Peer 1: 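First the structure, then my questions, so here it is.
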2 protein chains.
Amino acid sequence: MSKTSSETDWREDRRRSAREAILDAAWDLVHEGGLAALTLRELAGRAGVTTPTLYAYFDSKHAIYDAMFGRAATEFAERIAEPYEPSDSSALLVSHAHRFVEFCTSDVARYQLLFQRTIPDFEPSAESYAPAVRTLEAAREYLGRNGITEPRHVDLWTALLNGLVDQQVANDPGGDRWTRLIEEAVTMFVAHCRSAPPDRPPRSKSPNKGDQR
Amino acid sequence: MSKTSSETDWREDRRRSAREAILDAAWDLVHEGGLAALTLRELAGRAGVTTPTLYAYFDSKHAIYDAMFGRAATEFAERIAEPYEPSDSSALLVSHAHRFVEFCTSDVARYQLLFQRTIPDFEPSAESYAPAVRTLEAAREYLGRNGITEPRHVDLWTALLNGLVDQQVANDPGGDRWTRLIEEAVTMFVAHCRSAPPDRPPRSKSPNKGDQR
DNA sequence: GTCTATAGCTGGATAGAC
DNA sequence: GTCTATCCAGCTATAGAC
């Protein structure tokens with residue numbers, strides 16, 4: 001090799017920080033105009049470079065979305081992993097739910113990029129996606145401490161939280177019409193799981209089959 | 001007037017059916033490639049006309065989306081308004097939930113157009129939107145028959161159903177991983193509302209304030 | 001109402017000099 | 001790595017003949 005390792009580190013650090021600066025500008029842009037407002041021309045202008053320069057740091061526009069996804073997923077994982085104040089398992093679950101919902105509603109564009117599939121033909125790479133899946137394990141952990149281990153209950157949990165977030169961002173952006181229901185929703189959910197039989201969902205009578213196409 | 005009324009009806013009928021044929025083609029296109037795949041060139045090709053002809057029937061691309069929205073909203077209202085088999089109020093609510101979720105999951109593009117805001121700068125007109133709001137009144141009606149009248153419970157209900165739909169279409173399209181939880185979700189919800197005090201959500205202890213930014 | 005032809009714009013991506 | 005200049009594709013929408 002013709003370079004010392006410190007020279008290599010220097011250059012790689014500069015390259016990394018230039019990439020991060022571009023991503024900063026990308027997020028600014030997206031926060032103002034939504035995910036679809038990201039264009040390479042506008043991004044280059046904000047980052048103080050020209051379009052071809054962007055291709056020195058990213059292979060394509062999708063690669064930029066992927067890097068943005070990776071940053072969002074890391075933020076998500078870090079926020080969820082922050083320590084909780086000591087409390088009983090039920091209050092812990094409420095805190096966890098608050099964090100999840102607050103994380104999602106505090107940045108709608110980030111939420112859409114992470115959890116909805118709104119960009120045509122974009123799929124996050126496995127590396128970018130990894131932190132997000134690790135975080136789902138955390139949810140299972142907190143549910144488990146409440147004695148909730150049934151897979152269908154985990155699914156019901158994700159549906160409940162996701163529904164609150166979705167209604168909040170779609171119908172009352174910036175407000176708290178649905179986020180203020182979190183505690184009640186968790187109470188409802190926990191009470192149900194504690195009373196439900198472990199194997200089958202409770203059914204008092206057969207459902208209206210005629211309506212289930 | 002120089003035309004008889006029957007001549008006028010004739011022409012208006014022809015015009016209406018031509019519009020409907022274009023909308024049929026638009027829905028075919030969208031079902032195959034998603035909402036964003038609608039382009040006027042492709043639409044014209046499928047409808048057997050050329051691009052300028054589309055402008056003889058619609059003022060703009062957004063006007064086409066609006067007409068599609070109107071049709072979807074009407075389908076939604078009609079499906080929800082179909083009579084239910086006689087049953088008790090609880091089973092009625094389950095049937096209602098099944099219909100809502102099945103309607104949404106059976107046509108993802110239609111669901112996205114109706115309930116998510118994924119098309120840039122598109123807002124449905126008041127006329128197109130009207131059937132959808134009327135249908136929300138139906139949900140309140142069925143909840144009311146179960147003694148559920150609190151506004152916050154109505155919000156919790158919409159979040160719960162919307163969450164099931166969202167998880168289903170996002171993470172298990174074509175499957176039933178979340179739709180099969182409908183009955184259990186309704187049971188949980190109804191039991192909670194019956195036991196909850198009418199004015200305030202139940203809280204055994206104060207929440208972890210440190211986590212509520 | 002329907003066509004041919006095209007305007008006018010915006011987008012992602014690249015060639016090649018420096 | 002960064003620039004100037006440009007290509008090429010896609011889109012909505014319109015002008016004007018028939």
Side-chain angles (χ1 to χ4, degrees), chain A residues 2-3 7-26 29-30 32-69 113 118-123 125, chain B residues 2-3 7-26 29-30 32-69 113 118-123 125:
Chain A
S2 60
K3 295 185 182 72
E7 269 173 342
T8 305
D9 289 353
W10 231 65
R11 301 206 175 174
E12 285 188 357
D13 277 3
R14 280 192 63 84
R15 182 173 174 82
R16 261 179 46 90
S17 76
R19 268 178 68 103
E20 292 302 311
I22 291 172
L23 289 181
D24 289 342
L29 207 168
V30 156
E32 291 175 24
L35 279 177
L38 180 67
T39 69
L40 298 189
R41 289 196 215 287
E42 178 71 17
L43 174 57
R46 297 207 179 200
V49 296
T50 57
T51 346
T53 303
L54 297 179
Y55 284 87
Y57 295 96
F58 299 94
D59 287 340
S60 67
K61 187 181 183 182
H62 273 23
I64 296 177
Y65 277 129
D66 196 59
M68 294 173 75
F69 187 101
L113 179 61
T118 176
I119 300 169
D121 304 324
F122 169 68
E123 294 266 344
S125 63
Chain B
S2 60
K3 296 186 180 74
E7 270 174 343
T8 305
D9 288 354
W10 232 65
R11 301 206 174 175
E12 284 186 0
D13 277 3
R14 280 192 64 82
R15 184 174 173 82
R16 261 180 47 89
S17 76
R19 268 179 69 104
E20 292 301 312
I22 291 172
L23 289 182
D24 289 342
L29 208 168
V30 157
E32 290 174 23
L35 279 176
L38 179 67
T39 70
L40 299 190
R41 288 197 219 284
E42 180 70 18
L43 173 57
R46 297 207 179 199
V49 295
T50 56
T51 349
T53 302
L54 297 179
Y55 285 87
Y57 295 96
F58 299 94
D59 286 341
S60 67
K61 186 181 183 179
H62 273 22
I64 296 177
Y65 277 128
D66 196 59
M68 294 172 75
F69 187 101
L113 179 62
T118 176
I119 300 170
D121 305 324
F122 169 68
E123 294 268 343
S125 64

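In this text the structure is predicted, and so the values were computed from the model without any measurement. Here is how names work: the chains are called A, B, and so on, in the same order as the sequence lines, proteins then strands, and each is numbered from 1.
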Peer 1: A/Tyr65 vs A/Phe122 aromatic rings, parallel, tilted or perpendicular, using cut-offs 30° and 60°?
Peer 2: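 Because their plane-to-plane angle lies in the 30° to 60° range, the rings of A/Tyr65 and A/Phe122 count as tilted.
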
Peer 1: Is the number of heavy atoms from other residues, nucleotides or ligands under 6.0 Å of B/Asp121 CG greater than 12?
Peer 2: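 Count not over threshold, so no.
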
Peer 1: Given side chains that start at C-beta, do those of A/Leu23 and A/Phe58 come closer than 4.5 Å, heavy atoms only?
Peer 2: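 Result yes, sub-4.5 Å side-chain heavy-atom pair found.
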
Peer 1: Does anything in residues 38-52 of chain B reach DNA chain C, meaning a heavy atom under 4.0 Å, and if so which residues?
Peer 2: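 Here the set is B/Val49, B/Thr50, B/Pro52.
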
Peer 1: Once side-chain hydrogen bond (donor to acceptor under 3.5 Å, both in side chains) is applied, do any residues pair with B/Glu20, and if so which ones, sequence neighbours excluded?
Peer 2: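 B/Glu20 satisfies side-chain hydrogen bond (donor to acceptor under 3.5 Å, both in side chains) with B/Arg71 once adjacent residues are dropped.
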
Peer 1: Identify each donor-acceptor pair in which a side-chain atom of residues 47-55 of chain B lies under 3.5 Å from a protein atom, sequence neighbours left out, and give them as a table.
Peer 2:
residue, atom, partner, partner atom, Å
B/Thr50, OG1, B/Thr53, OG1, 3.4

Peer 1: Grab the two heavy atoms, one from B/Gly33 and one from B/Ala37, that are nearest each other, plus how far apart they are.
Peer 2: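 Looks like O-CB, 3.3 Å.
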
Peer 1: Can you tell me if CG on A/Asp59 sees more than 12 non-hydrogen neighbours from other groups inside 6.0 Å?
Peer 2: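 It does not: A/Asp59 CG has 12 such atoms or fewer within range.
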
Peer 1: Would you indicate what B/Arg15 reaches in the nucleic acid, counting non-hydrogen atoms under 4.0 angstrom: base, sugar-phosphate, or nothing?
Peer 2: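 The answer is sugar-phosphate, as B/Arg15 gets under 4.0 Å only of primed atoms, P, OP1 or OP2.
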
Peer 1: Quick one: how far along DNA chain D does chain A reach, first to last nucleotide 5' to 3', anything under 4.0 Å to a heavy atom?
Peer 2: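 Footprint of chain A along DNA chain D, 5' to 3': D/dG1 to D/dA5.
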
Peer 1: Could you check whether B/Tyr55 gets within reach of a base, just the sugar-phosphate, or nothing at all, counting any heavy atom under 4.0 Å?
Peer 2: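 B/Tyr55: base contact, heavy atoms under 4.0 Å.
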
Peer 1: Could you tell me which non-hydrogen atom of B/Met68 sits nearest to which non-hydrogen atom of B/Leu38, and how far apart they are?
Peer 2: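 Here B/Met68 and B/Leu38 meet closest at SD-CD2, 4.1 Å.
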
Peer 1: Taking the side chain as every heavy atom from C-beta outward, state whether A/Val30 and A/Leu113 have any pair of such atoms under 4.5 Å apart.
Peer 2: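 Counting from C-beta outward, A/Val30 and A/Leu113 never come under 4.5 Å.
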
Peer 1: Report the residues that fulfil salt bridge (charged side-chain N to carboxylate O under 4.0 Å, His left out) with B/Glu42, sequence neighbours left out, ordered by chain and then residue number.
Peer 2: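 Scan of B/Glu42 (salt bridge (charged side-chain N to carboxylate O under 4.0 Å, His left out), adjacent residues dropped) gives B/Arg46.
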
Peer 1: What parts of residues 58-69 of chain A reach DNA chain D, counting only heavy atoms under 4.0 Å away?
Peer 2: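 By residue number: none to list.
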
